[in-house]
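Nothing here was measured: the structure is a model prediction, and the numbers come from that model. In what follows, chains carry the letters A, B, and so on, assigned in the order in which the sequence lines appear, proteins first and then strands, with residues in each chain numbered from 1.
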Amino acid sequence: QKDNITFIVPHKQYTMLGAKGMVIGDDILDLGSRKADLRSSRGRRQIGGGFAPPPLMLGAPEQFDLPNVPDPALYTRSNFASVSGNKDANQEIKFAKGTTTLAFKFNGGIIVSVDSRSTMGNYISSGTVQKVIKINPYLLGTMAGGAADCSFWERNLGVQCRMFELTNGHRISVAGASKLLANTMSSYRGYGLSMGTMVTGWDETGPQLYYVDDDGTRLKGKYFSVGSGSTYAYGVLDTYHRDDLSVEEAIDLGKRAIYHATHRDAFSGGINNLFHVTKDGWVQIHAIDVNDMHYEFAEEKNNRMAS
Amino acid sequence: MADTVLGVTYKGGVVLATDQTNARSILTYQHNLDKIKELSSHSAMGVSGPNCDLVNFTEYIAKNIKLYELSHDGMKLSTHAQANFARSELAAALRKGPYQVNILLGGYDTKKEEASLYTLDYLGSLHKVDFGAQGYASYFCLSIMDRDFDENMTEKEAVAVVDHCIQEIQTRFLLSQPNFIIKVVDKDGVRVVRAGKDPADT
């Protein structure tokens, strides 16, 4: 076969099989994983009657490394747990959506405000995570859940959006982009992915904000907050959000909501990264340490009480 | 189980109602979700279950029904046929990747000039009923429907029955469901009677 390269070593003959003829254990580079079958032959329910988009893969197209076990879905589900999704069965690796991210629409566009803390159980592994993912110059995504899942799938979404542009000659709408991501998540349902993201941008229909989840939920809304600190952020957002906020007031609201969430939630903290989405694309407004905000707001409160 | 879906037939149509809450764990994501999806010009289904399955299943069934119409020279499927098709898709997916949705499918057949209501559950069961309720709401509402239902009701009376059920849910059900959306399917098609909160307000 053209695809195969045969090496002859004195007492053994190794054959590097081509991409399609892969058999477990035969490849000298076999690290104990096996390639997935082509999606069509697996008899898995297809979302919307069509195929899931082929996962981005280095090397062979339409093939994805899976654990070398009879039921990969069960294996990933039982060994990697999501705190809100899969039940806690003392799995080795648990993804907790320990974060606070929020995004809200107002008349002047969309504000996206996030924290930057990454935790593994009780250990703060990083205080400088970039939780806003720049999918392309006019689409932003946020990260909550497994960092790898979020960054990988949102970059994959960027690829799909670019393919759409090249195929159709115009930019994809935010509704379309979020639907692509939601369909991908639906296809991998039961595999233990952990991702709670907001896809936001400004397209022909105006500013749009969608919440997309690892179990395929896709919701359109005026504002969302995702993560362990989301309830605290909602408290501030629900009370002070109005459609007719000015840009400065909106930035202040986004900043304060994150500050209050990081103050109360142990799994959120670090630096507040805030972005503003306008019809010309997104722009980063600031990156402020929430500790500095604490003292600024405390002083402001003192001044207010004193006067 | 937490979602409420109600359906009542009357002479010349069927009323469908669902709550508009979308929640996970202790958080409510939104209060204006529209869970009654139109399948064709004269049928709709009220769906309870996770948002993902709700959207994917209804879009799949609705588009396949549309495809049938397009490929059969505009011939419309009867409500009976649509319900059986939906059931067969639920059953086919059951042992592969089940749709966890419980449905009340209501439609009006322009040829026979009668309305019908079907109840489907996530295990692929199907039953034609005069009225029905899905979710915990059924524990509170079926008795009201048993008492008030009359096959010669008018649309106004049927909506009143649904209103009684909504009142009861808001009085006795533990979970707060402040907003309900009520739609009617009759000879003129599917239309919204009342929405607690406008689903398009996003």
Fill in the blank from the handout: Closest heavy-atom pair, A/Lys220 versus B/Gln30, reported as atoms and distance to 0.1 Å, is O-NE2, 3.8 Å
Completion exercise
Smallest heavy-atom separation, B/Cys52 atom then A/Asp215 atom, equals CB-O, 3.0 Å
Practice task
Taking atom OH of B/Tyr136 as the centre, report whether more than 12 heavy atoms of other residues, nucleotides or ligands fall under 6.0 Å from it.
Solution key: no
Fill in the blank from the handout: By residue number, those in residues 189-202 of chain B with heavy atoms under 4.5 Å from heavy atoms of chain A are B/Asp201, B/Thr202
Problem - Enclosure of B/Tyr122 OH (heavy-atom neighbours >12, cutoff 6.0 Å) - result: no
Practice task
Step through the shown structure and confirm whether more than 12 heavy atoms of other residues, nucleotides or ligands are within 6.0 Å of CZ on A/Arg242.
Solution key: yes
Problem - Interatomic distance, B/Asn56 atom CG to A/Ser187 atom OG [nearest 0.5 angstrom] - result: 8.5 Å
Problem - Side-chain (B/Asn51) to main-chain (A/Gly216) donor-acceptor, under 3.5 angstrom - result: no
Handout entry: B/Gln167 atom CD, neighbour heavy-atom count above 12 within 6.0 Å
Key = no
Problem - Atom NE2 of A/His241 with >12 non-hydrogen neighbours under 6.0 angstrom - result: yes
Problem - Interatomic distance, B/Arg24 atom CZ to A/Thr217 atom OG1 [nearest 0.5 angstrom] - result: 5.0 Å
Exercise for the section: Can you label the angle between the A/Tyr211 ring and the B/Tyr29 ring as parallel, tilted or perpendicular, going by 30° and 60°? Expected result: tilted
Problem - Full working for side chain to side chain contact (heavy atoms under 4.5 Å, CB included) between A/Lys179 and B/Val55 - result: CA-CA 11 Å; A/Lys179 190 72 175 171; B/Val55 168; 3.4 Å; yes
Problem - Within 6.0 Å of NZ in B/Lys128, more than 12 heavy atoms from elsewhere - result: yes
Exercise for the section: Name the region of A/Tyr234, side chain, backbone, both or neither, that has any atom closer than 4.5 Å to a heavy atom of chain B. Expected result: side chain
Exercise for the section: Not counting sequence neighbours, which residues clear side-chain contact (heavy atoms from CB on, under 4.5 Å) with B/Arg87? List them please. Expected result: B/Ala91, B/Leu120, B/Leu126
Handout entry: Contact leader toward chain A among B/Ile61, B/Leu54, B/Leu27, B/Asn64, where contacts are heavy-atom pairs under 4.5 Å
Key = B/Leu27
Exercise for the section: Counting only heavy atoms closer than 4.5 Å, note whether B/Asn22 contacts chain A via side chain, backbone, both or neither. Expected result: side chain
